[in-house]
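Right, one structure below, let's go through it.
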2 protein chains.
Amino acid sequence: MRTTIKDIAEYTGFSVTTISLVLNGKGTKIPEKTKQIIFKAVEDLDYRPNQIAVGLVKKRTNTIGLIISDIRNVFFSNLAKGIEDECRRNGWNLVLCNTNDMHERDMAYIRVLADKGVDGILYAMSIDSDHEKAMESLTLMDSIKIPYIMIDRTFRQKCCHYVVTDHEVGGYLATKHLTDLGHRRIACVTGPLHLDDSKFRLDGYRRALEEASIPYDPALIYEGDYTVEGGREGINKLLSETFTAVFAFNDMSAYGVYNVLKANGYNIPDDISLVGYDNIFFSELLDTPLTTIHQPIYEVGIEATKRLIEMNEKKPIDKLERVIEPYLVVRKSTSAVKLEKTEANESVK
Amino acid sequence: MRTTIKDIAEYTGFSVTTISLVLNGKGTKIPEKTKQIIFKAVEDLDYRPNQIAVGLVKKRTNTIGLIISDIRNVFFSNLAKGIEDECRRNGWNLVLCNTNDMHERDMAYIRVLADKGVDGILYAMSIDSDHEKAMESLTLMDSIKIPYIMIDRTFRQKCCHYVVTDHEVGGYLATKHLTDLGHRRIACVTGPLHLDDSKFRLDGYRRALEEASIPYDPALIYEGDYTVEGGREGINKLLSETFTAVFAFNDMSAYGVYNVLKANGYNIPDDISLVGYDNIFFSELLDTPLTTIHQPIYEVGIEATKRLIEMNEKKPIDKLERVIEPYLVVRKSTSAVKLEKTEANESVK
DNA sequence: CTGTTAGCGCATTCAC
DNA sequence: GTGAATGCGCTAACAG
């Protein structure tokens with residue numbers, strides 16, 4: 001049996017209260033001698049407070065719940081690492097919940113986390129959350145009265161705390177890099193466009209286009225799903241159009257584009273430039289290292305965790321709207337557009 | 001305030017006991033009518049038992065602790081996904097702990113998990129655990145009296161439950177594939193050799209060599225650390241030797257080898273064949289898709305979780321020694337050795 | 001300065 | 001069939 005506070009009370013002869021007091025640093029007026037004895041006993045009996053009991057009375061578990069779609073997604077595992085690192089620094093713990101992008105699981109996990117008494121939830125909404133579903137899960141979140149912060153994905157129709165990267169700027173940066181290189185026909189493999197992040201990246205894309213006086217052509221836009229397979233399908237569809245560059249809305253779909261392009265004999269970047277989004281560490285390992293937008297997602301995890309813990313310390317919680325800036329990482333998959341395309345390509349071979 | 005069992009007792013007029021009884025399916029002798037009323041009240045008041053209170057009295061939390069080095073490692077995130085999936089199916093939860101391969105963190109997390117009252121621990125020991133440290137953490141694990149299973153990495157000097165893949169067979173398979181292709185000089189970039197898994201893969205390598213009557217040459221062995229950087233360093237050192245194939249003990253270091261080899265103008269597989277280990281999803285996305293050993297690590301997660309949950313259900317826990325077989329995945333990074341190497345290479349160019 | 005008394009929310013004997 | 005009493009291990013008034 002685990003030693004309890006009672007055991008060390010008997011062992012020392014002091015009452016349970018005294019023990020609790022000194023162990024929680026509230027024994028201001030307890031003689032040094034008594035403390036010594038108690039600490040020694042704690043040492044001798046290897047006593048550690050049962051956190052379940054502590055949690056029951058304090059209504060605090062020092063635990064955060066993380067709801068994401070799939071930890072195997074490198075993007076999310078980076079996020080999770082940031083969160084867990086910050087948790088550890090503060091003596092907190094992390095409960096991991098994968099929803100596989102199913103809204104019902106969002107709902108189920110929110111309830112479970114509430115039942116377990118977590119002190120906060122970090123929430124990356126399921127990809128299948130349309131307006132109604134998003135509303136439903138956020139209403140549930142509000143009803144359980146546990147602080148929560150939305151990460152990565154937002155849902156602006158409802159006011160809530162969030163820590164995100166600036167997807168509009170990211171989309172802009174990626175596209176501007178391409179227009180700066182002279183590209184005027186830029187295809188897009190987006191993510192699901194009912195998601196704010198995808199929507200914003202597309203906004204950024206359009207802004208960069210406008211600045212370069214390039215008309216927006218819907219025929220160049222393929223709505224993907226952030227997967228390698230989606231990237232493959234997208235570029236296959238897109239290949240009937242003419243373009244000199246592709247902007248994939250995440251690195252995973254960029255890999256799909258990359259594969260199909262190379263398989264079809266295209267040279268990257270000589271024939272077609274490619275820029276991704278996320279800066280997954282694999283991207284620099286490709287034979288043609290991928291130019292991409294770096295999202296400081298690890299930092300998002302840290303920041304969100306810090307704030308969530310803060311919310312548990314002090315009362316005043318003003319609206320948290322933290323936007324972290326992404327930046328462009330130029331590697332080998334993009335180059336200036338060839339003025340006389342066909343000829344240029346020939347000369348390369 | 002959250003509704004408690006007391007609330008629904010008052011609401012229905014029945015006692016707390018009765019509520020508890022029917023909600024836990026132990027009200028065999030309670031009239032259907034009463035049950036109906038209670039269930040209705042639960043519905044009306046949206047009552048859900050506080051799991052902290054339940055945990056305190058039942059001494060069960062239905063929670064598993066997972067100790068790994070770094071969730072960003074694709075290998076571990078696959079493992080974690082398997083674990084969490086199986087947890088969810090059983091109504092359990094997962095607490096994630098990253099140790100960054102630091103033994104002291106293993107120790108700290110083991111204690112924390114015990115304090116939180118998890119019902120089981122899945123433990124992948126820190127990479128820096130030498131004999132003494134391994135002994136220390138396993139002794140601690142034993143002392144806290146919580147069921148635990150070692151995953152991926154074992155420590156055979158001490159008897160404990162484990163679920164692993166067969167590293168010896170994996171090493172054998174990888175090497176045999178190479179010897180079958182005619183390679184006789186096969187370089188190795190291993191993992192830390194004080195780890196059982198690396199040690200066993202090397203054993204497998206030697207067995208395949210013996211079978212092919214190839215002498216073991218220590219000069220071809222570089223002890224790496226399972227990182228991309230380690231792979232780079234390893235191959236740079238090894239390049240002074242002659243060999244026609246490289247066996248990297250995990251895909252990450254294979255990427256390092258791959259990069260350096262290509263950067264130095266070697267063609268894979270024409271000049272040098274390369275086989276990795278792990279079958280990370282990224283390996284098939286390389287320009288030269290990597291031949292590698294697939295470790296069913298997701299399945300390891302599921303299996304380990306199942307057994308850990310079982311240990312909480314029934315008493316009889318016999319020694320668990322589950323070994324899951326890996327298999328070879330042949331892709332494009334390996335080919336038959338060229339008989340007249342130099343000449344053959346020239347003709348390719 | 002320290003001990004007594006009450007719960008936290010729930011499950012579980014044991015009576016009625 | 002149902003309820004009152006007890007306690008899980010701990011913290012926190014409140015006394016003294």
Interatomic distance, B:Ile8 CD1 vs D:dT2 P [rounded to whole Å]: 13 Å
Measure NZ/B:Lys33 against C1'/D:dT2 and give the value in whole Å, please. 16 Å
Test log, rule side-chain hydrogen bond (donor to acceptor under 3.5 Å, both in side chains), inputs A:Ser126 and A:Thr99: CA-CA 7 Å; A:Ser126 275; A:Thr99 65; 3.2 Å; yes
To the nearest 0.5 Å, atom SG of A:Cys87 lies from atom CD1 of A:Ile309 at 5.5 Å
Would you say B:Thr18 places a side-chain N or O within less than 4.0 Å of OP1 or OP2 belonging to D:dT2? no
Base, sugar-phosphate or nothing for B:Gly117? Non-hydrogen atoms, less than 4.0 Å. nothing
Span of DNA chain C, from the first to the last nucleotide whose atoms fall under 4.0 Å of chain A heavy atoms: C:dC1 to C:dG9
For a quick test of reading the model, state the closest non-hydrogen atom pair linking A:Val163 to A:Ile149 and the distance between them. N-CG2, 3.8 Å
Select base, sugar-phosphate, or nothing to describe what B:Leu56 touches, counting heavy atoms under 4.0 Å on all strands. base
Would you mind reading off the distance between A:Arg2 atom CZ and D:dC8 atom P, rounded to a whole angstrom? 15 Å
How bent is the helix from C:dC1-D:dG16 to C:dC16-D:dG1, measuring the angle between the end axes built from five pairs each, rounded to 10°? 50°
If we ignore angles and hydrogens, is there a donor and acceptor under 3.5 Å between the side chains of B:Thr63 and A:Lys116? yes
Which atom pairs link the protein and nucleotides 10-12 of chain D when you take only N or O atoms and keep those under 3.5 Å?
| residue | atom | partner | partner atom | Å |
| --- | --- | --- | --- | --- |
| D:dC10 | OP1 | A:Tyr47 | OH | 2.7 |
| D:dC10 | OP1 | A:Asn50 | N | 3.1 |
| D:dC10 | OP2 | A:Ile5 | N | 2.4 |
| D:dT11 | OP1 | A:Asn24 | ND2 | 3.3 |
| D:dT11 | OP2 | A:Ser20 | OG | 3.0 |
| D:dA12 | OP2 | A:Lys26 | NZ | 2.8 |
| D:dA12 | N6 | A:Thr17 | OG1 | 3.0 |

Hey, is the side chain of B:Lys35 poking within less than 4.0 Å of OP1 or OP2 on D:dG1, counting only N and O atoms? no
Does NZ in B:Lys33 sit with more than 12 non-hydrogen atoms of other residues, nucleotides or ligands closer than 6.0 Å? no
Worked check of salt bridge (charged side-chain N to carboxylate O under 4.0 Å, His left out) between A:Asp196 and A:Arg153: CA-CA 7 Å; A:Asp196 273 357; A:Arg153 293 173 192 156; over 6 Å; no
Taking every heavy atom of A:Cys160 against every heavy atom of A:Lys319, the minimum-distance pair comes out as O-NZ, 2.9 Å
